[in-house]
Amino acid sequence: MTEDIQSKDIAAGTRGLRPVRRVVTGVDADGRSTIVSDGICPFTFAFPGVPDYGATDIWRSSVPADNADPAETCYTPFEVEPAKGGVVFRISQFPPDALFIDDFDRDAAFGSMPGTAHVTEGASLGNGTFHRTATVDLAVVVSGEIYALLETGEVKLTAGDTLVQRGTVHGWSNRSSQDCLIAFVLVDEERPPGGGTR
């Protein structure tokens, strides 16, 4: 039954990432604060074969930020992690597990993005979403609900809940019938959990 629903949704063009409006401020020629852009953010990525599982990068930055540079900071192809010493702000969308999880190929999915060979190393347990990034991920659930999966357990998160994901192996499970949207700020890590090297 799930396959029938999925096929109909794809055929009807109803599955996909929700458009995310991005408003960016700056200064005008007189140095006054102003809106420099306002529109649907084009910097998106969806995992192959799962058009509604992916993310929209809203902004990338070094730390400290160079607010004098008016240049666009996001780019394609999409990269999971921020630059060394940087951060990335994104909105991620997770469809219901019933629409994709049984056929989700972790290595193929993460392998479709540049610079992600290390992301699935040591993350073979659990469902296909398990991975680890060299970041601390600051998350807030915007809408829907989801389970954050760890090696020793799981926790259910609902709209308004926050999560500080400190560079550990983790995955996601959306057991509801609706998409879940999460806002993330990924911060480059200096050292992984437990010390050691990256």
Find the distance between [atom1] ([X]) and [atom2] ([Y]) and round it off to the nearest 0.5 Å.
| X | Y | atom1 | atom2 | value |
| --- | --- | --- | --- | --- |
| E145 | D179 | CD | CG | 12.0 Å |
| I91 | T44 | CD1 | OG1 | 13.0 Å |
| S61 | N67 | OG | CG | 7.0 Å |
| I40 | R18 | CD1 | CZ | 13.0 Å |
| L186 | L138 | CG | CG | 8.0 Å |
| C41 | L17 | SG | CG | 11.5 Å |

How about [X] and [Y]: do any of their side-chain heavy atoms sit closer than 4.5 Å?
| X | Y | result |
| --- | --- | --- |
| H170 | D137 | yes |
| T158 | V141 | no |
| T168 | L150 | yes |
| V23 | S37 | no |
| V88 | D57 | yes |
| V164 | V136 | yes |
| L99 | D52 | yes |
| L163 | L157 | yes |

Which residue pairs satisfy the ring pair (Phe, Tyr, Trp, His ring centres under 6.0 Å) criterion with at least one member in residues 58-90, sequence neighbours excluded?
->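 Only F45-F78 qualify under ring pair (Phe, Tyr, Trp, His ring centres under 6.0 Å).
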Partner of F100 under ring-ring contact (aromatic ring centres under 6.0 Å, His included), chosen from F47, W172, F94, Y53 | Y53
Are V140 and I58 co-members of a hydrophobic cluster defined by side-chain heavy atoms under 4.5 Å apart?
-> no
Hey, quick one: are V20 and V87 part of the same hydrophobic cluster, counting side-chain heavy atoms closer than 4.5 Å, chains of contacts allowed?
-> yes
Do F110 and H131 make the cut of ring centroids closer than 6.0 angstrom?
-> yes
Those residues at least two apart in sequence (or on a different chain) that pass salt bridge (Lys or Arg N to Asp or Glu O under 4.0 Å) with R175 are E154
Sequence neighbours excluded, the answer for side-chain hydrogen bond (donor to acceptor under 3.5 Å, both in side chains) partners of D28 is R32
P51 to A46 - nearest heavy-atom pair and separation | O-CB, 3.7 Å
P95 versus V50, closest heavy-atom pair with distance = CG-CG1, 4.1 Å
Pair E72 + R22: basic N to acidic O under 4.0 Å = yes
Lys/Arg-Asp/Glu bridge criterion (N-O < 4.0 Å) met for E189, R132 | yes
With a 3.5 Å distance limit and no angle check, can you tell me whether [X] reaches the backbone of [Y] through a side-chain donor-acceptor pair?
| X | Y | result |
| --- | --- | --- |
| T34 | V36 | no |
| R90 | V80 | yes |
| D188 | T135 | no |
| T129 | G171 | no |

Test side chain to side chain contact (heavy atoms under 4.5 Å, CB included) applied to I146 and S176, S173, C180, S92, the passing residue = C180
Do other residues, nucleotides or ligands put more than 12 heavy atoms under 6.0 Å from Q178 CD?
->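 Count not over threshold, so no.
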